[in-house]
Amino acid sequence: ARPDQVPMRKRQLPASFWEEPRPA
Amino acid sequence: TSWPGSHIGTETLRLVEFTAFVERQSERDTCKQQHRFVHIDPTPTSEPPLEMVDVRQIYDKFPEKGGGLRDLYDQGPPQAFFLVKFWADLSFSLLEEELGGTGGAFYGVSSRYEGPRALTLSCTSKVCSFGKQVVEKLETAEPPHWEDGRFVFRMQRSPLCEYLINFIRKLQTLPEKLMMDSVLENFTILQVLRDQETQELLLCVAFVFEVSASERGAQHHIYRLGRD
């Protein structure tokens with residue numbers, strides 16, 4: 001599949017990319 | 001001077017603060033109310049080093065021809081490339097008079113950078129939809145001030161373009177965070193900062209977005225962009 005047909009969730013990204021940080 | 005590896009910056013230029021906001025005059029009060037959509041604070045030095053994201057994973061989210069992210073990264077320097085994942089805070093309500101126009105509300109961006117060299121700092125911002133540029137803005141920072149041993153560059157209260165204001169407003173009309181996130185998956189911004197005289201690339205920052213869970217306010221993660 002072309003890269004632009006791959007949802008972000010299926011790309012090789014760090015786990016933290018999907019974890020909203022807690023407020024400081 | 002070398003910067004620790006926990007923030008957006010190189011030995012030449014460091015991003016200290018970045019805020020996109022809406023501001024309006026309160027009816028009861030003389031002071032202005034500001035709501036921050038996204039915000040990057042000055043980073044404490046105790047933060048851990050940044051994780052890396054492979055730049056190839058996001059090539060298609062930005063223009064790919066004629067000065068796109070791939071070309072920029074090929075030209076380097078690679079240590080000047082960063083990715084910011086924002087969780088934007090959209091938890092503010094539009095007033096009745098703001099639904100048709102801005103109703104006196106001001107939408108803007110303020111940013112602050114610092115570095116050891118006095119230079120003329122230019123910033124190009126490309127707003128992209130499905131990886132295609134829809135708006136481009138070129139700005140020049142105010143002349144730098146020497147403060148505490150380094151030069152400080154400011155771009156203050158730069159007005160958001162109409163496209164972005166309308167985009168934010170339409171996003172807010174969506175009933176669920178999931179739907180907003182789905183729209184935001186194809187919305188990105190690329191900022192390139194250069195020495196205006198030499199055209200040396202000093203920083204390139206790619207911004208991607210989700211919507212914050214409303215009780216948390218704006219959040220973000222910063223990554224280095226790399227390529228093995």
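Every chain is numbered from 1 and lettered A, B, ... according to where its sequence line falls, protein lines coming before strand lines.
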Given heavy-atom pairs under 4.5 angstrom as the criterion, report whether the side chain, backbone, both or neither of F130(B) touches chain A.
neither
I need the full list of ring-ring contact (aromatic ring centres under 6.0 Å, His included) pairs touching residues 165-185 of chain B, with sequence neighbours left out, sorted by first then second residue.
F167(B)-F187(B)
Expected output: side-chain Q219(B) to main-chain E20(A) donor-acceptor under 3.5 Å:
no
Counting only heavy atoms not in Q12(A), do more than 12 fall under 6.0 Å of its CD?
no
Is it the side chain or the backbone of Q57(B) that comes within 4.5 Å of chain A heavy atoms, both, or neither?
both
Closest heavy-atom pair and its distance - R11(A), D60(B)
NH1-OD1, 2.7 Å
Heavy-atom closest pair (F17(A) atom, W87(B) atom, distance to 0.1 Å) is O-CZ2, 3.5 Å
Does anything in residues 153-161 of chain B reach chain A? List residues with heavy atoms under 4.5 Å apart, or say none.
none
Do other residues, nucleotides or ligands put more than 12 heavy atoms under 6.0 Å from L178(B) CG?
no
Nearest heavy-atom neighbours spanning K61(B) and M8(A)
CE-SD, 3.4 Å
Of all the heavy-atom pairs spanning S16(A) and H221(B), show the shortest one and how long it is.
O-CD2, 2.9 Å
Quick one: CD on E210(B) to CH2 on W18(A), what's the gap to the nearest 0.5 Å?
6.0 Å
Report, as yes or no, whether the 6.0 Å neighbourhood of atom CD on Q34(B) holds more than 12 heavy atoms from other residues, nucleotides or ligands.
yes
